[in-house]
Amino acid sequence: MAGLSDQDVDIVIEKFQTKVSISEKPELGNHYEPNTSEPIAQPLRTLDEVLLWKPDEDGFNVATIPLAKRTEAKVGKPYTLLCHDMMGGYQEDRFVQGVPKLECYRYYHWQYLDMFIYFSHYFVTIPPPSWTNAAHKNGTLMLGTVITEWNDGAERCKQVFASESAYKTFADKLVAIAKYYKFDGWLVNIENPIAATHMPQMVGWVEYLTKEMHTHLPGSKVIWYDSVIIDGSLKWQDMLNDNNRVFFDISDGMFLNYTWNEAKLKDSVKNAGERKYDVFVGVDVFGRNCFGGGGWNTNKAMSVIRSNNLSAAIFAPGWVMEKLGREQFITNQNKYWGILDEFLPTHGVSSLPFVTYFCRGYGEQGFRNGTVALVKSWCNLSAQQIQPTFLQVPQDTPDGKTGHQSMDHCVKDGFNGGGSLLLRGTLGQGQVHPYRIFETGIVPSHQLLVSYTVKCCNAVDACVYLDLGGDQGRVILWTSGESAEDKQPMSAYGLRESEQLDPSKLPVSKTTAKCTAYAPLKEGSHKNMQDIVFGCDSSSIHCIGWQTRHYLLPTSAFGEGAKIEEMGVLCFPTESDPPKMDYMVRIGELKIINPDSLKNSSTQVSNLTMVDDSWHNILPHITNVTDQASFCCTLKWDYPYEAMHYDVYVSGVNRDPNHNRDLATSEVVFIGRAYANLFRVCHLLAPTVNGKEGQLEFKVQPSTQEGFVAPLAAATRIRVAYS
């Protein structure tokens, strides 16, 4: 596929003509930042804004990732809800296409959470799509917030609860908003008194909202905050009792206020009956009148909550950054959730495709295929991938020999996105270091295409294992094979099946009592897969030490009724008699997918159009640049499948916006990544033409949800002629 020219492939090219007419700034409305025209997420601040809201007017803020299936406990367990309240919400995360900085609040311990509530003190809080995308990718529900408080809130409640018609109209809008933006429910927080005459309507509203959410968004949740009681008074109960249970009975759960004691929790258990897991006990991480004092003592409150077998609602985890600062945020974030680990049941992702680059949605730079594509810090939670389930690693190897191990996220090197999983340890003779990474529940009902990408050093290699449920044992995806490629059966996908190996010959076989082993694809099959992954002739791609291994596993690799319950990595020395050594292994990618998806790998976008284009003077913070004008526009397109992302390229510019270097205008340069089927080009520097005609050409390259990249040489493009 390498070296294709416009004459070699069928390319869809749209053409657009524009006149350079300099204006002060784009005029696009309140869904965009006024000066830069970047799309932003915003709440709805007034009742009129809610009632006048219409769908299809805010495409940038629609989440694109469907909720992943997740593993479920075999017996009932209490839930964990996290209520975001980072500096009032809508901070850097309001910028839909991300920000060029690293020190933003971000979250990646999704394995602990059943629900995430995006909270602010605005009337109707709509979660930014980046938060919904990250949560959904990791199997966690995302909820918005409806809050009324103080005099303004009381006045809104008078209007909403004036009649059945009024409250149903309001509820219908909330359902439509959640459905349009693709999040999963609402926290209802009424923090002002309600007139007794309006209480029947408010109760009717909560009941109607819950029913309609369940009808239009199956699996959604409506959670009531412990505030107003049955007579309309604002009296926090800190427990479930007869004063507030009417709201508990007509919603999916109650979020208790924070000033509880253990006696109130015991009474809540009795009052909840079979629904005790729907009682979410509030814990304020800032410790305001909260049991245990919050902060590093949050575990004290969690211990009491779990001893009563109740669910937990952790409020304002942004304390870690707000109180302790941004500089050591990652260290403090990991410490905080590590302290709570014993009280937080975990879940993993169990749906296909299972694809992760281990990116947390931020980086000091951006990587593509093992090389640096972006040389500046960035943060966009839409880029976050499935995160590891397990944080701790064993300190003893299975043979009883001690060997130091650690598992961390690393932003210094990566295969794709912002970083990689870094495994470190000290290996001695005969040792193998296992790393548990993912809990999962994938049921292999067909052939599976599995791949992983590693970078190893110091005479140490690594392989991936899949642990099956029951007595099915372990599948080891070994590093090499023994027989020639043509000895393996040819599949319907044009790939040879992976060779089955004798596991007793492998140095890692002692890590489990029962296992099978398979070799990676070789020669032509390996090359075909690499070409599909990169969207070009893979021999032209230099991944700087990264090695990808692909496996096509037959259905016979898994016994009847088998389930992949855990995925991990085994690190081992490559020499037969090695000295004791320190090692580092980076895992850049792990995929388990249905090979049927290969047929969609080269599909391009269609109907590429451009709207809202404008020309401006260079922004004031850009210096030492002459003979340039600033171009803004929105690109839109269609794509028939779910995509992981879309990369946007341009030619016709002579400055690289991501590398701060000069270019020839014929060069094609990466300018950004979209997670929806539209992208805002913000103040792209284009050469002034002084009466002549200039030309910009934009290309959009899709990546399927399996991570297969359509060929850039055949990408759909739009040419913009300007004068």
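In this structure, a donor-acceptor pair under 3.5 Å is present between the side chains of Ser483 and Gln488. Of the N and O atoms on the side chains of Thr426 and His404, not one donor lies less than 3.5 Å from an acceptor on the other residue. Under 3.5 Å, the side chains of Glu485 and Ser525 contain a donor-acceptor pair of N or O atoms. With hydrogens and angles left out, the side-chain atoms of Asn138 and Thr140 include no donor and acceptor closer than 3.5 Å. Using modelled atom types and a 3.5 Å distance limit, the side chains of Gln604 and Gln701 yield no donor-acceptor pair. Judged by distance alone, the side chains of Glu589 and Tyr452 never bring a donor and an acceptor atom under 3.5 Å apart. For the residue pair Asp596 and Tyr493, a side-chain donor N or O sits within less than 3.5 Å of a side-chain acceptor on the partner.
In plain terms, the two heavy atoms of Ser491 and Leu495 that are nearest each other are OG-O, 2.7 Å. When all heavy atoms of Met581 and Pro573 are compared, the pair lying nearest together is CE-CB, 4.3 Å. Of all heavy-atom pairs between Lys412 and Phe367, the closest is O-CZ, 3.7 Å. Annotation for Arg306 and Pro78: closest pair NH1-CB, 3.5 Å, computed over non-hydrogen atoms. Nearest heavy-atom pair across His136 and Pro66 is CB-O, 3.5 Å. Nearest heavy-atom pair across Trp546 and Ser420 is CH2-CB, 3.9 Å.
Among residues two or more places apart in sequence or in another chain, the salt bridge (charged side-chain N to carboxylate O under 4.0 Å, His left out) test is passed with Arg474 by Asp467.
No side-chain heavy atom of Val99 sits less than 4.5 Å from a side-chain heavy atom of Asn380. Looking only at side-chain heavy atoms (C-beta outward), Tyr336 and Asn334 stay at 4.5 Å or farther from each other. When side chains are defined from C-beta on, Thr298 does not count as touching Ile339, because their heavy atoms never get closer than 4.5 Å. A 4.5 Å side-chain heavy-atom check between Val443 and Phe558 finds every atom pair outside the cut-off. Residues Met644 and Thr704 have side chains not in contact (no heavy-atom distance under 4.5 Å, counting atoms from C-beta outward). Side-chain atoms of Leu449 and Asn594, non-hydrogen and from C-beta on, never get closer than 4.5 Å to each other. Side-chain contact between Ser597 and Phe708: present, with at least one pair of heavy atoms (C-beta onward) separated by less than 4.5 Å. Contact check for Met321 versus Arg106: side-chain heavy atoms found under the 4.5 Å cut-off.
Taking the six-membered ring where the residue is Trp, His109 and Tyr112 present parallel rings, their angle staying beneath 30° rather than reaching 60°.
Side-chain N or O atoms of Ser498 include one that pairs as donor or acceptor with a backbone N or O of Ala519 at under 3.5 Å. Put simply, the side chain of Gln365 never gets that close to the backbone of Val375: no donor and acceptor are under 3.5 Å apart. Side chain of Lys137 to backbone of Gln384: a donor-acceptor contact under 3.5 angstrom is found. Judged by distance alone, the side chain of Ser377 and the main-chain N or O of Leu102 form no donor-acceptor pair under 3.5 Å. The main-chain N or O of Gly139 is never found under 3.5 Å from a side-chain atom of Lys69 such that the two would form a donor-acceptor pair. Between the side chain of Arg436 and the main chain of Phe390, no donor-acceptor pair closer than 3.5 Å is present. In this structure, the side chain of Asn416 engages the main chain of Asn369 through a donor-acceptor pair within 3.5 Å. The backbone N or O of Ile65 lies less than 3.5 Å from a partner atom in the side chain of Asn133, making a donor-acceptor pair. The closest donor-acceptor contact from the side chain of Glu499 to the backbone of Glu497 lies at 3.5 Å or more, if one exists at all. Using a distance-only test at 3.5 Å, with no hydrogens or angles considered, no donor-acceptor pair links the side chain of Lys510 to the main chain of Gln431.
Of the inter-residue distances, the one linking Thr512 atom OG1 with Ile476 atom CD1 reads 7.5 Å to the nearest 0.5 angstrom. In this structure, NE2 on His542 lies 9.5 Å from CD1 on Ile544, to the nearest 0.5 angstrom. The distance from atom CG of Leu113 to atom CG of Leu141, rounded to the nearest 0.5 Å, is 10.5 Å. The distance from the CG atom of Leu468 to the CD1 atom of Ile564 is 6.5 Å, given to the nearest 0.5 Å.
In this structure, Phe358 has its ring center no closer than 6.0 Å to that of Phe415. Aromatic pair Tyr105/Phe329: ring centres closer than 6.0 Å.
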| task | Let me see the working for Thr516 and Gln500 under side-chain contact (heavy atoms from CB on, under 4.5 Å), right down to the final yes or no. | result | CA-CA 8 Å; Thr516 56; Gln500 186 169 358; 4.2 Å; yes
| Worked check of ring pair (Phe, Tyr, Trp, His ring centres under 6.0 Å) between Tyr646 and Tyr675 | CA-CA 6 Å; Tyr646 306 88; Tyr675 296 90; 8.9 Å; no
| task | Apply side-chain contact (heavy atoms from CB on, under 4.5 Å) to Thr548 and Gln530, showing your working. | result | CA-CA 8 Å; Thr548 300; Gln530 291 291 85; 3.9 Å; yes
| task | Begin with the C-alpha distance, continue with both residues' side-chain angles, and end with the deciding distance and a verdict on salt bridge (charged side-chain N to carboxylate O under 4.0 Å, His left out) for Lys77 and Asp114. | result | CA-CA 11 Å; Lys77 64 176 181 62; Asp114 300 285; 3.6 Å; yes
| task | In sequence, state the C-alpha distance, the side-chain angles, and the governing distance for Val349 and Thr440, and then conclude on side-chain contact (heavy atoms from CB on, under 4.5 Å). | result | CA-CA 5 Å; Val349 171; Thr440 185; 5.5 Å; no
| task | Decide side-chain contact (heavy atoms from CB on, under 4.5 Å) for Phe438 and Leu590; before the verdict, give the C-alpha distance in whole Å, the side-chain angles of both, and the deciding distance to 0.1 Å. | result | CA-CA 11 Å; Phe438 293 107; Leu590 177 59; 3.9 Å; yes
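Remark: of the listed residues Lys563, Glu439, Glu565, His347, Glu439 is the sole one forming a side-chain hydrogen bond (donor to acceptor under 3.5 Å, both in side chains) with Thr71. Only one option out of Tyr518, Tyr551, Tyr465, Phe572 pairs with Trp478 in a ring pair (Phe, Tyr, Trp, His ring centres under 6.0 Å); it is Phe572. Paired with Trp337 under the rule ring pair (Phe, Tyr, Trp, His ring centres under 6.0 Å), one option of Tyr108, Tyr107, Trp110, Phe343 passes, and it is Tyr107.
Salt-bridge formation is not detected for the pair Asp486/Arg496: no Lys NZ or Arg NE/NH1/NH2 atom is positioned less than 4.0 Å from an Asp or Glu carboxylate oxygen. A salt bridge does not link Asp656 to Lys376: none of the charged side-chain nitrogens sits closer than 4.0 Å to a carboxylate oxygen. For the pair Asp413 and Lys455, the salt-bridge criterion is met [side-chain N within less than 4.0 Å of a carboxylate O]. Salt bridge Glu92/Lys101: present, at least one basic N to carboxylate O contact under 4.0 Å.
Remark: Phe534 CZ is packed, more than 12 non-hydrogen atoms of other residues, nucleotides or ligands lying under 6.0 Å away. The number of heavy-atom neighbours closer than 6.0 Å to CE of Met584, taken from other residues, nucleotides and ligands shown, is 12 or below.
Figure legend: cation-pi geometry between Arg424 and Tyr583 absent, as NZ or CZ is not positioned both under 6.0 Å from the six-membered ring centre and within 45° of its axis.
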